[in-house]
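Notes follow the structure.
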Amino acid sequence: MNILEAIVLGAVQGLTEFLPISSSAHLRIVGDLFPALGDPGVTFTAVTQIGTETAVLLYFWKDILRIIRKWFSSMPWVKPDKRLAVTDPDVRLGWIVIIGTIPIVVLGLLLQDAIDSIFRNLYLTAAMLALFAIVIGIADRVGKRHIPLEQMSLRDGVILGFAQSLALVPGVSRSGGTIAVGLFLGYTRAAAARISFLLAVPAVFGSGFYRLLSDDGTGVQVGAVPTLVATLVAFVVGYAVIVWFLRLVETKSFMPFVIYRIVLAVAVVIFIGVGILHAMPVQV
């Protein structure tokens, strides 16, 4: 991979990570369009996502620090007169992030072989793009959208954690799965979007560093410098997308993303049929 390709893939990661259109699917598709590159690989995808999640840390740092501080203030070792109850909204959010991260960690380890192989099939990616376009569209249409983030329950946090784990299959979308389920549960668009950001932080950082430290070289198709460049570009672009997306969800529907996903799914199938894309990753 050269630097230009790294910049392109980093921009793609930054543009698509927080939108309900699947960043892993886009990296898989765009990477395949570079004949000398092919599929950039799961490790590259996981590491560049660290860039976008660093943007989340920067944008939400006040909220994250407050949640962490209040969560620790609810621990048994804190004096009773200063201890916060689990009913405190920020304490509950802290537990929701912790508990909601467990499903994707467990399933990610159990399904690692599938993630590295059959889940990379572009026919499966296209199917997930189309299927979850319909799911997101229905959720946006029928969701009551009246529950704020502060009223999220631990039960719903677990459900949203399983929704996030669906993103292990490229084409589903981490934010798409989480936001759709959040809407079905009655949360506002803003609440569903924000919890998708918060849930992603430990999951993505954990996945990225795990892949970085455990990769034995067989899954690496990209050099260290291009990966670093792509990660930095993903951070800058991702931060801008967060600002734009959170403003968008306050007033606009997700229908443009639904239409885009369906169009992309059809295009992927056509491109595979004419030989522009390859259903399975190309090893170069």
Side-chain angles (χ1 to χ4, degrees), residues 12-30 45-46 48-49 52-53 55-56 100-101 103-104 107-108 111 115 119-120 122-143 145 149 152 156-201 203-204 207 234 237-238 241-242 244-250 252-268:
V12 169
Q13 167 62 29
L15 284 168
T16 59
E17 171 67 18
F18 304 118
L19 304 181
I21 55 177
S22 181
S23 63
S24 57
H26 280 75
L27 286 178
R28 170 72 178 86
I29 294 166
V30 175
T45 301
T48 54
Q49 285 176 337
T52 47
E53 289 312 309
V56 173
T101 301
I104 197 169
L107 291 174
L111 299 174
I115 293 170
F119 284 4
R120 309 294 288 173
L122 277 183
Y123 280 120
L124 177 61
T125 298
M128 293 300 100
L129 283 168
L131 174 62
F132 275 84
I134 297 172
V135 172
I136 294 169
I138 294 174
D140 197 39
R141 178 63 64 89
V142 305
R145 304 197 302 270
L149 182 61
M152 183 167 289
D156 289 350
V158 174
I159 295 173
L160 290 167
F162 278 101
Q164 176 181 235
S165 66
L166 295 174
L168 293 171
V169 183
V172 174
S173 169
R174 185 189 314 276
S175 63
T178 309
I179 289 172
V181 172
L183 292 174
F184 277 127
L185 291 172
Y187 292 95
T188 65
R189 291 194 187 108
R194 285 178 176 272
I195 194 60
S196 75
F197 290 143
L198 294 175
L199 279 173
V201 172
V204 170
S207 173
V237 176
V241 170
I242 292 173
W244 172 77
F245 185 58
L246 286 178
R247 291 176 181 172
L248 177 75
V249 298
E250 293 284 356
K252 306 295 183 181
S253 77
F254 290 114
M255 192 53 61
F257 301 115
V258 171
I259 296 172
Y260 173 80
R261 289 175 66 106
I262 293 174
V263 171
L264 180 60
V266 173
V268 167

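Just so you know, these numbers use all the heavy atoms, side chains as well, and skip hydrogens, waters and symmetry mates. Just so we're clear, the structure is a prediction, and the values are computed from it rather than from any experiment.
- Across all their heavy atoms, G182 and A192 have their closest contact at CA-CB, 4.3 Å.
- Between the R174 side chain and the Q164 main chain, no donor and acceptor come within less than 3.5 Å of each other.
- With sequence neighbours excluded, the residues that form a side-chain contact (heavy atoms from CB on, under 4.5 Å) with L248 are W244, F245, K252, F257.
- Heavy-atom minimum distance, T52 versus A234: CG2-O, 3.5 Å.
- For S196, there are no side chain to side chain donor-acceptor pair (under 3.5 Å) partners, not counting sequence neighbours.
- Residue pairs that meet the salt bridge (Lys or Arg N to Asp or Glu O under 4.0 Å) test with at least one member in residues 123-139, sequence neighbours left out, do not exist here.
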List the steps, then state whether side-chain contact (heavy atoms from CB on, under 4.5 Å) holds for L124 with V169.
-> CA-CA 8 Å; L124 177 61; V169 183; 3.9 Å; yes

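- Looking at residues two or more places apart in sequence or on another chain, you find a side-chain contact (heavy atoms from CB on, under 4.5 Å) between A139 and A180, L183, F184.
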With side-chain contact (heavy atoms from CB on, under 4.5 Å) as the test, would you mind laying out the steps for I29 and L264 before giving the verdict?
-> CA-CA 10 Å; I29 294 166; L264 180 60; 4.2 Å; yes

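- L166 meets the side-chain contact (heavy atoms from CB on, under 4.5 Å) test with F132, V172; sequence neighbours excluded.
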For side-chain contact (heavy atoms from CB on, under 4.5 Å), just list the numbers for F18 and V56, CA-CA rounded to whole Å, side-chain angles, deciding distance to a tenth of an Å, and then say yes or no.
-> CA-CA 10 Å; F18 304 118; V56 173; 3.3 Å; yes

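- Taking F162 as the reference, nothing meets the ring pair (Phe, Tyr, Trp, His ring centres under 6.0 Å) condition, with sequence neighbours excluded.
- Closest heavy-atom contact between L129 and A265: CB-CB, 4.0 Å.
- Every side-chain contact (heavy atoms from CB on, under 4.5 Å) that S23 has, sequence neighbours left out, goes to Q13, T16, E17, Q49.
- When every heavy atom of G171 is checked against every heavy atom of S22, the shortest pair comes out as N-OG, 2.9 Å.
- M128 has its side chain out of reach of P170: every pair of non-hydrogen atoms, C-beta onward, lies at least 4.5 Å apart.
- Once rounded to the nearest 0.5 Å, the distance linking CD1 of I159 with OG1 of T178 reads 12.5 Å.
- Among residue pairs with one or both ends in residues 122-142, those qualifying as side chain to side chain donor-acceptor pair (under 3.5 Å) are D140-R189; sequence neighbours excluded.
- A distance of 5.5 Å separates CG of L185 from CG of L160, quoted to the nearest 0.5 Å.
- Of the possible polar contacts, one joining the R261 side chain to the P20 backbone as a donor-acceptor pair under 3.5 Å is found.
- The shortest non-hydrogen separation linking A190 to V249 is CA-CG2, 4.1 Å.
- Taking the side chain to side chain donor-acceptor pair (under 3.5 Å) definition, one finds that Y260 meets it with H26, sequence neighbours left out.
- For the pair I195/L149, a side-chain contact is recorded, criterion being any heavy-atom separation below 4.5 Å from C-beta on.
- Applying the side chain to side chain donor-acceptor pair (under 3.5 Å) rule to R194 yields no partners; only residues at least two apart in sequence or on another chain are considered.
- Remark: S173 engages S175 in a side chain to side chain donor-acceptor pair (under 3.5 Å) (not counting sequence neighbours).
- The shortest heavy-atom contact between L122 and R28 is CD2-CG, 3.4 Å.
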Go through I259 and I262 one step at a time and tell me if the side-chain contact (heavy atoms from CB on, under 4.5 Å) criterion holds.
-> CA-CA 5 Å; I259 296 172; I262 293 174; 6.0 Å; no

